[in-house]
Amino acid sequence: KNPEAEAVAALPKQLEKLEVSNTFKIDLKDEDLKPFEELGSGNGGTVNKILHVPTNTIMARKVIHVEANATVRKQILRELQILHDCNNEYIIGFYGSYINEGDLFICMEYMDLGSLDSIYRKIGPIKEPILADITLSVLRGLIYLHETHKIIHRDIKPSNILVNSQGEIKLADFGVSGQLVNSVANTFVGTSHYMAPERIQGGKYSVQSDVWSLGISLMELAIGKFPFPPEGIVLPIFDLLQYIVNEPVPPLPADQFSEEFQDFCNKCLIKDPHKRPNFKYLVKHKFVLKAEDDKVDMKAWAEDVADKIK
Ligand SMILES: O=c1[nH]ccc2cc(OC[C@@H]3CCNC3)c(Cl)cc12
């Protein structure tokens, strides 16, 4: 084997990696940023559209109020640096983070169509072929995070799945900083009704818990409402969490959805995390393979969404 030829062959990959990471290598200073409208709020922070004036780059900036001393805040910034190495087409790009007057600012790639939760609330349930493509993108993003960086997302839900006018689907707000997760855990923000039963019961969190959250999120996007509890019942959050742990998952209306979509969701929502399929199995599932054929025109769908929500 000719090592030189191998080195030359490896160059394009190296260059591509360098290229991507360079586009996100910007030295961020608060005075260089011009804020525009608020894009959304939730998960303990507010997101604004901003302009980085020196490079004329539009970004999304999340501000999180962290009640913590300077040492903890420094630790959070250090841990967030990992985001500079998370370069993948299914993961939101990261420009940098900084602390200003006790608040933590995280500057990210701008996704002009926003999050899937606000999209389905505006234009209605998402059709299956689109959901199949979304599922494939989310799985590829989760696999990248887990296999390349040993990162578990921990907060998969429609509001953390973002869309742009090119029809691209990217994941945001994954738990990269343990310190940040701890710092916001004290506020009520921690408990989310997208959490897997084992996590609601205080069990250890594994990558399998992201599979549950994916299943719940897909059902919500498909029927246009959070799938628990069944029609008509309204429960306060604590009772809802208990319901999710103790009651069977309400099935999708069988007449409105394909066998393979129903099967995909049922498998993601197996209560025992050890019996729940893993990412490897899911990317080979019939429901997802349909999206592989790339028959779905996500760009056309995104343009239609843009017309309806703008
Ligand atoms: O463009 C974005 N880039 C990165 C993150 C982000 C987050 C967003 O919204 C997040 C909130 C959280 C709860 N619902 C929407 C929006 Cl609406 C755009 C972006």
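Starting from 1, each residue takes its place in the sequence as its number. When a ligand or atom number is given, it counts from 1 through the structure's own listing order.
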Provide the closest heavy-atom pair for Phe261 versus Ala222 in the form atom of the first, atom of the second, distance.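 Scanning both residues, the minimum pair turns out to be CE2-CB, 3.6 Å.
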Show your working on side-chain contact (heavy atoms from CB on, under 4.5 Å) between Met59 and Leu28 and close with a plain yes or no. CA-CA 11 Å; Met59 301 177 179; Leu28 286 176; 4.0 Å; yes
Side-chain contact test, heavy atoms from C-beta onward, threshold under 4.5 Å: evaluate it for Lys286 versus Phe264 and give yes or no.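 They are not in side-chain contact.
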Within the structure, does Leu162 bring an N/O atom to less than 3.5 angstrom of an N/O atom in ligand 1? no
Going by the atom numbers of ligand 1, which of them fall below 4.0 Å from some non-hydrogen atom of [X]?
X	value
Tyr110	1 (O)
Ser159	13 (C), 14 (N)
Asp117	14 (N)

So, Glu38 side chain and Thr46 main chain: donor-acceptor pair closer than 3.5 Å or not? no
Residue, atom name and distance, where the atom is the protein heavy atom closest to [atom]:
atom	answer
atom 1 (O) of ligand 1	Met111 N, 2.7 Å
atom 18 (C) of ligand 1	Leu39 CD1, 4.0 Å
atom 13 (C) of ligand 1	Ser41 O, 3.3 Å
atom 3 (N) of ligand 1	Glu109 O, 2.9 Å
atom 15 (C) of ligand 1	Ser115 OG, 3.5 Å
atom 2 (C) of ligand 1	Ala60 CB, 3.4 Å

Check the orientation of Phe226 and Tyr194. Use parallel for under 30°, tilted for 30 to 60°, and perpendicular for over 60°. perpendicular
If you draw a 6.0 Å radius around NZ in Lys225, do more than 12 non-hydrogen atoms from other residues or ligands fall strictly inside? yes
Name the residue from Leu142, Ile152, Leu83 that meets the side-chain contact (heavy atoms from CB on, under 4.5 Å) definition with Phe174.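 The residue from Leu142, Ile152, Leu83 that satisfies side-chain contact (heavy atoms from CB on, under 4.5 Å) with Phe174 turns out to be Leu83.
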